[in-house]
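Remarks on the structure that follows.
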Amino acid sequence: MAEAVVTVAIDKMANLLINETVFLLGVKGEVRRLQAELKRMQCFLKDADQRQDQDERVHNWIAEIRDAAYNAEDVIDTFIVKVAGKGGRRRSFMVFATFFRRGCQLYRIGMEIKAIRTNLGDVSQGMQTYGIKFSGGGEGTRESQKMLRKSHPVVEEDDVFGLEGSILETISQLKEEKMLRVVSIVGMGGSGKTTLAKRVYNHAAVKRHFDCCAWAFVSQQFSKRDILFGILAKITTERDRLAEFERKKEEDPVEILYEFLKDKRYLVVLDDIWRVEAWDILKNAFPKNGKAGSKVLFTTRNKVVASHADPWSIPIEPPMLDEGQSWELLCKNAFPPNIAGSRGSGRPEYEKPGKAMVRKCQGLPLALVVLGGLLAAKKSLNEWEEVERNMNANLNKFQQQMNHPGGVYGILSLSYYELPYYLKPCFLYLGHFPEDWEIPKKKLIRLWIAEGFVPPQFPTVSGEDTTEDVAERYLAELVNRCMVQVGTTSLGGRGRNFCRIHDLMRDLCVSYGRDENFLDIVPPRGTTMKSTDDEEDHGLTSPTEFEHSKSTNFRRIAIHHVNVFQRCVPLVQSYPKIRSLLCFKFQQSPFLIKADEQIFIWKNFNLLRVLDLEGSEFENEVLLREIGGLILLRYLSLRFCALRTLPESIGNLQSLYTLDLRDTRVCLTNVIGKMKQLRHLLLGSTVEADQDVLRRSTLTNLETLKHIKSEHVVGAGKGIKLPNLRNLGLIFQRSEDVDAFFKSPVLKMNRLRSLKMNVQSAGVSYPILEPLSPCDRLSNLRLQGPIAEVGKQICHPLAFLPPNLCKLTLESSRLKQDPMPTLGKLQNLKILRMHGFSYIGREMVCSANGFPQLEFLELCNLYQLEDWIVEGGAMHRLRGLYISFCPELKMIPEELKSLTTLRELTFGDLSKALLSRVRMTQEKEGEDFYKVKHIPSITFLHKV
């Protein structure tokens, strides 16, 4: 984490030297020397970061460097604020022109930078004095974790909870009679990957199927020689062979193992493999063209490792336990078998605190096992309730007492330490958000960029990656490492993409974030806080949420508004280092930010980069009038705020990247054109604009503009003239605006990635969609409103859709011709949503081998649909299916039974006859249940 902080400071100094050189006369040398010193420190930090949990001296050394980097960032930002502080840099330069004032300012900056350099020198000297070295591994917590976690296939758990389906699926893949394949079990730490692998490895059918089997534990640090010779030792029992292997230990073990396996059908389990490089080192020992049916099975937290090892294999992900399974597993570990009933499920008084703790674990098996071990020592209901009140602290304390670094937080922390430096702040940032919060994906990415976690990109006309593209890859990497989950908010709704993090992972973010002075969470006024330095619990209901450190050096603050009766923002103490302030509300009532609190923000938090005041009320609107003084702001959200106008001073926000005005009644004025760096302008149907304010806009860096009434940007023969626009959302109320847009330069420039259009007036429809056809960079398209169908069209109206669409949503299209044969030809389409009246025909056919990449299909509000046919080979990658409000649909397609990739099926409001055919009631299968019984998750949203 310190490496990321130092990198940001170095980059900031580089920008300062380039952009503010006119103001740095006399101190430029000091800035360069500090930059060089931090670069030297950076070389040591990567290895040091991996060892700080093993050596307290290293931990403290890293903290000192991190604080020095923070201090350097403070000096630079304060300098920029004072230089640009009174109405722009040109005017500020005139203010600073007098020798005395400019000289004092430069002298002060020079002295502060020199003090930081002196401090860094002392840190370096201390490293040598106290013998802190980074060569060599050494024994420590990480080695203890490895030893405690080392798996052995002979260790059997008594019971398996929720893994039955995964066991059958894994065995099925292992028994496929093909050349060497890699079967992967993927999931977050503690999710049951190794338990599943053990069960499969020891299954009688598996032992019969393979000539020989071996198990190896890999982990993060491993020896190729030890792993491969260990496998050799397990797959032979012949003494002569073992003696021969011992004699050959100096030879290449890859060749020896390859020769031994090439004539055998073998199964090798590689448990806990972390990196692509680890597989590349080991893979040549396993013959590709040996005996048919040989398999390598490995467990990993990283989906990239799985796809790299075998791109054609579908990873198996053990499901989280449901509440019933979780309670059963907790009771098994908390109560001895002979008395489990007396204090477990048979005693309601134990169930109440027990099930509250179970919900906190969110189905993570390891957390439930550790919690059960903790509760096993608690003999009374009062003790259970005490554990519930302070669950996270109790888990940590229990594991420390048991000398158990292999416990739940120890296991999860391995994923954090394994992250590359640039992902650590991105991961910790998730700790700002409340538990179980659905984090909008786009918002998270824009916040990361505003914080400086993602290096800026400078795309050219040829269309290289934007900074948002890089941030998307960062998020994808966290998802692939099973640290973050992604999904959509509601299958029947607009399908907004969101991220979610397991509560225990979030606790890890908050814990490490506070330790690094990275973030803090402030509860509402009136809520008693517990200091992390205090011993006593002061009655707080959620200790992890609102444990509060006495430090005031946090860089980011999140305010969680949890009490419906408390409508005031608590700013309980001064945070002089704050860079971000984010507010979260849990109900409809808004925050009320009092006038004195608004004054406090703009006077004391003038180094803010992120200000998210979503859902706030402003007493006397003091902050809004003065918001132009926060000149370092990059992200400003005023969503759901009761605003009518934007203050003139907002034009001073020359560094602003994102302005969110959705769900406000603001009227845009020409002041918006002053924000030259603006990348994302988020509006809505309630936002108005002065005439031509955007049509003659100078926002040449704008990449996102949505959702804006079309007359504000097109019409009167004028099109959109925003050369870098990539994401566009338009609301149409006039036919002439639709026609004007389809002739607009923005389509001809071929830069759009996402386009969402909404027709809101009767009699207005989309013309022939041919102008969209050349937009081969368009990956996300939403068309809401009628699509014109000419009487004797040669081709379907959707035949002109761009070829590289990945996501398509149609709503109220009122298509009479079946769209599926045409849409099935889109080779890259992964998500298809057919919403209300998008198709008004009676029959729908998914043609053979159509939709080759489709993963998610949603059919909603197709009121005339009676027959849905899926031909062989269609949608063979489908993973999720949602069907609702199709009252005339008679039955589900026969071909569903062949879609082995289908993991989730949701039935909404459908006919009773159809629902009766596909469900099991009182152990009796419906007539069509055989079509869906292979699907792991089937949900019925309405009772029959």
To the nearest 0.5 angstrom, please state how far the CD1 atom of Ile439 sits from the CD1 atom of Ile445.
12.0 Å
Euclidean distance, Ile316 CD1 relative to Leu196 CG, rounded to 0.5 Å:
7.0 Å
Ring of Tyr201, cation from Lys207 - is the NZ or CZ under 6.0 Å from the centre and inside 45° of the axis?
yes
Does Asn202 use its side chain to pair, donor to acceptor, with the backbone of Lys198 at less than 3.5 Å?
yes
Report yes if some heavy atom in the side chain of Phe217 is under 4.5 Å from a heavy atom in the side chain of Leu270; otherwise report no.
no
Check step by step if side chain to side chain contact (heavy atoms under 4.5 Å, CB included) holds for Met483 and His502.
CA-CA 8 Å; Met483 300 176 77; His502 193 284; over 6 Å; no
Any side-chain to backbone donor/acceptor pair from His876 onto Thr900? Under 3.5 Å, distance only.
no
Are any of the side-chain nitrogens in Lys360 or Asp507 under 4.0 Å away from the carboxylate oxygens of its partner?
yes
Under 3.5 Å, side chain of Glu176 to main-chain N/O of Arg181, donor-acceptor pair present?
no
Passes side chain to side chain contact (heavy atoms under 4.5 Å, CB included), Cys499 versus Leu475? Steps please.
CA-CA 9 Å; Cys499 313; Leu475 180 58; 3.8 Å; yes
Backbone N/O of Val182 and side chain of Asp310: donor-acceptor pair under 3.5 Å:
yes
Answer yes or no: is there a donor N or O on one side and an acceptor on the other, between the side chain of Arg301 and the main chain of Trp274, under 3.5 Å?
no
Once rounded to the nearest 0.5 Å, what's the spacing between atom CG of Leu508 and atom CG of Asp503?
12.5 Å
Tell me whether the centres of the aromatic rings in Tyr474 and Tyr422 are closer together than 6.0 Å.
yes
Minimal non-hydrogen separation, Val186 against Pro318, with atom names
O-CD, 3.3 Å
Heavy-atom distance under 4.5 Å between the side chains of Lys303 and Cys482, does that happen here?
yes
Just by modelled atom types, is the Asp272 backbone N or O under 3.5 Å from a matching donor or acceptor in the Thr299 side chain?
yes
Give me the atom names and distance for the closest heavy-atom approach of Gly431 to Val510.
O-CG2, 3.7 Å
Are Arg481 and Glu477 close enough, and set up right, to give a salt bridge (Lys or Arg N to Asp or Glu O under 4.0 Å), and what steps lead you there?
CA-CA 6 Å; Arg481 290 171 179 268; Glu477 193 167 347; 3.4 Å; yes
In sequence, state the C-alpha distance, the side-chain angles, and the governing distance for Asp271 and Val218, and then conclude on side chain to side chain contact (heavy atoms under 4.5 Å, CB included).
CA-CA 6 Å; Asp271 185 36; Val218 181; over 6 Å; no
Closer than 4.0 angstrom, basic N to acidic O: yes or no for Glu317 and Lys193?
no
Are the ring centres of Phe518 and Tyr512 closer than 6.0 Å?
no
Rounded distance (nearest 0.5 Å) linking atom CD1 of Ile167 with atom NE2 of His203:
7.0 Å
Can we say Lys332 and Glu328 salt-bridge, meaning some charged N sits less than 4.0 Å from an Asp/Glu carboxylate O?
no
Check whether NZ of the Lys or CZ of the Arg Lys262 lies under 6.0 Å from the centre of the six-membered ring of Tyr258 and within 45 degrees of that ring's axis.
no
Could you tell me if the side chain of Val268 sits less than 4.5 Å from the side chain of Leu297, heavy atoms only?
no
Using a 6.0 Å cut-off, check whether atom NZ of Lys830 has over 12 heavy atoms from anything other than its own residue.
no
Might you work through the side chain to side chain contact (heavy atoms under 4.5 Å, CB included) test for Phe298 and Val269, ending with a clear yes or no?
CA-CA 5 Å; Phe298 63 59; Val269 178; over 6 Å; no
With the threshold set at 4.0 Å, does a side-chain nitrogen-carboxylate oxygen contact exist between Asp211 and Lys291?
yes
Backbone N/O of Phe222 and side chain of Lys224: donor-acceptor pair under 3.5 Å:
no
Please say whether the positively charged group of Lys424, taken as NZ for Lys or CZ for Arg, lies over the ring of Tyr416, i.e. under 6.0 angstrom from the six-membered ring centre and within 45 degrees of the axis.
yes
Do the non-hydrogen side-chain atoms of Arg265 and His209 ever get within less than 4.5 Å of each other?
yes
Using a 3.5 Å distance criterion without hydrogens, assess whether the side chain of Arg500 forms a donor-acceptor pair with backbone atoms of Val484.
no
Give a yes or no on whether a salt bridge exists between Arg275 and Glu418, defined as a side-chain N under 4.0 angstrom from a carboxylate O.
yes
So do Ile256 and Phe229 actually touch side chain to side chain, heavy atoms under 4.5 Å?
yes
Hey, are the side chains of Leu364 and Met188 touching, using non-hydrogen atoms and a 4.5 Å cut-off?
yes
Hey, does the side chain of Thr901 reach the backbone of Leu878 with a donor-acceptor pair shorter than 3.5 angstrom?
yes
Going from CZ on Phe427 to CE on Met505, what distance comes out if it is rounded to the nearest 0.5 angstrom?
5.0 Å
Using only atom types and a distance under 3.5 Å, with no angle test, would you say the side chain of Ser313 pairs donor to acceptor with the backbone of Val183?
no
With rounding to the nearest 0.5 Å, note down the distance linking SG in Cys361 to CG in Leu329.
9.5 Å
